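Worth saying up front: this structure is predicted, and the values here are computed from it rather than measured. Throughout, protein chains are lettered first and strands after them, A, B, ... in sequence-line order, and every chain is numbered starting at 1.
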2 protein chains.
Amino acid sequence: MKPAAHEREQAVFSALADPTRRAVLRSIASGEASTATELAARLPVSRQAVQKHLALLEQAQLVGGERVGRETRFAATPAPLGDAIAWMTAVGERWEDRLAALAEAADPEAGR
Amino acid sequence: MKPAAHEREQAVFSALADPTRRAVLRSIASGEASTATELAARLPVSRQAVQKHLALLEQAQLVGGERVGRETRFAATPAPLGDAIAWMTAVGERWEDRLAALAEAADPEAGR
DNA sequence: AAGTTGTGCAACCGGTCGGTTGCATGTTGC
DNA sequence: GCAACATGCAACCGACCGGTTGCACAACTT
């Protein structure tokens, strides 16, 4: 298997792009609901729509589903969020570095 | 203007959803390129495609463009990334809280 | 056993997205 | 002034996405 990092990254970011999906994830993370039908009751979409969102979230490894009896209970596995955060902070740091370098180059003497 | 928070949130997350757009943002943040034509040269897409991505990134306030002579130079303004990170950490914390509560509730009985 | 509740899967549909081509405009350099 | 380079804008297109409906099946309940 090839997790490939940027593949998971892609999965996470695109999973987070949809507002409904974010709502689903939030509901699961806060324990307000754990099954597709429960989530659908809290959201203005059908159960099948929620189910598709859950499939994507699961593919991004943001949630994990476990079948208990006749219902499938989902739980959050927010580890991938860490990857996304890492990407963002990396970009942010690069930006800061760049800014610092520019500032230093433009202001070598009068620096702090 | 009224940013409405969740509107900016939406803009940021959907802006980050596209790999090409992330590449553009990374290139700008690291100072590798700053104009649409430069970016297009580094990427396998046309200049106009990059330009559209830049428009979205600018709309999400992740970059800012300033016209200098005949070229438009873009710079990163990663502040919105902080919002996104805040959202993620909030979800992550809620998850941890929930997990802690469950663990605590399950601890005395330890059954499953 | 029969009915009820929850799930999984497939097909379909309209809208949006990422990308392209084409053209018009503005800026620089000779 | 004119050629070359960079940008802005619009139209168009194929693909994907979010959502729906419909149906078949598994699992409790009585």
Side-chain angles (χ1 to χ4, degrees), chain A residues 6-28 31-76 84, chain B residues 6-28 31-76 112:
Chain A
H6 56 75
E7 253 184 40
R8 168 172 311 186
E9 177 184 291
Q10 176 56 31
V12 174
F13 276 121
S14 48
L16 257 36
D18 185 75
T20 305
R21 217 141 44 210
R22 283 199 303 276
V24 167
L25 181 59
R26 239 188 354 240
S27 291
I28 293 180
E32 296 171 7
S34 56
T35 75
T37 359
E38 278 176 351
L39 288 161
R42 291 183 164 263
L43 295 169
V45 295
S46 72
R47 194 251 320 168
Q48 287 85 339
V50 173
Q51 197 160 341
K52 287 216 240 171
H53 287 304
L54 284 170
L56 283 192
L57 287 171
E58 192 166 23
Q59 192 176 330
Q61 304 188 29
L62 283 164
V63 302
E66 185 194 1
R67 184 123 200 194
V68 180
R70 73 175 151 186
E71 62 184 13
T72 304
R73 191 151 283 151
F74 287 87
Chain B
H6 55 76
E7 255 184 39
R8 168 170 313 186
E9 178 183 289
Q10 176 56 30
V12 174
F13 276 122
S14 49
L16 257 37
D18 184 75
T20 305
R21 218 140 45 211
R22 283 198 303 276
V24 167
L25 181 59
R26 236 186 359 236
S27 291
I28 294 180
E32 297 171 6
S34 57
T35 74
T37 7
E38 278 176 349
L39 287 161
R42 291 183 163 266
L43 295 169
V45 294
S46 72
R47 194 250 321 168
Q48 287 86 339
V50 173
Q51 198 160 338
K52 287 215 237 169
H53 287 304
L54 284 171
L56 283 193
L57 287 172
E58 192 166 21
Q59 192 175 328
Q61 304 189 28
L62 284 164
V63 302
E66 184 195 1
R67 184 123 201 193
V68 180
R70 73 173 151 185
E71 60 185 14
T72 304
R73 190 150 282 151
F74 287 87
R112 70 168 30 178

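Residue A:Thr72 places none of its side-chain N or O atoms closer than 4.0 Å to OP1 or OP2 of C:dG6. OP1 or OP2 of D:dG19 sits under 4.0 Å from a side-chain N or O of A:Thr20. Residue A:Gln51 places at least one side-chain N or O closer than 4.0 Å to OP1 or OP2 of C:dG8. One finds no side-chain N or O of B:Ser46 lying less than 4.0 angstrom from the OP1 or OP2 phosphate oxygen of C:dG19.
Side chain of A:Arg47 to backbone of A:Ala40: no donor-acceptor contact under 3.5 angstrom is found. Between the side chain of A:Gln59 and the main chain of A:Leu54, no donor-acceptor pair closer than 3.5 Å is present.
Atom-to-atom distance recorded for B:Gln51:CD and B:Thr37:OG1 is 8.5 Å, nearest 0.5 angstrom.
Summarising the geometry, the separation between CG on B:Leu54 and C1' on C:dG19 is reported as 15 Å, rounded to the nearest angstrom. One interatomic measurement links the two molecules: CZ of A:Arg47 to C1' of C:dT5, which rounds to 11 Å at whole-angstrom precision. Regarding A:Arg73, its CZ atom lies at a distance of 13 Å from the P atom of C:dG8, rounded to whole Å. Here D:dC25 presents its P atom at 18 Å from CZ of A:Arg70, a figure rounded to the nearest Å.
Residue B:Glu38 is the one, among B:Glu38 and A:His53, whose nearest nucleotide of DNA chain D lies closer to the 5' end (criterion: closest heavy atom). Position along DNA chain D of the nearest nucleotide to A:Glu71 versus A:Pro44 favours A:Pro44 as the more 5'-ward residue.
Comparing atom distances between the B:Gln48 side chain and each of D:dG19, D:dA10, D:dA6 picks out D:dA10 as nearest.
No side-chain heavy atom of B:Glu38 sits under 4.5 Å from any side-chain heavy atom of B:Glu71.
A donor and an acceptor atom never sit less than 3.5 Å apart when one is taken from the side chain of B:Arg67 and the other from the base of C:dG26.
Counting any heavy atom pair closer than 4.0 Å across all strands shown, A:Arg21 reaches sugar-phosphate atoms only and no base atom.
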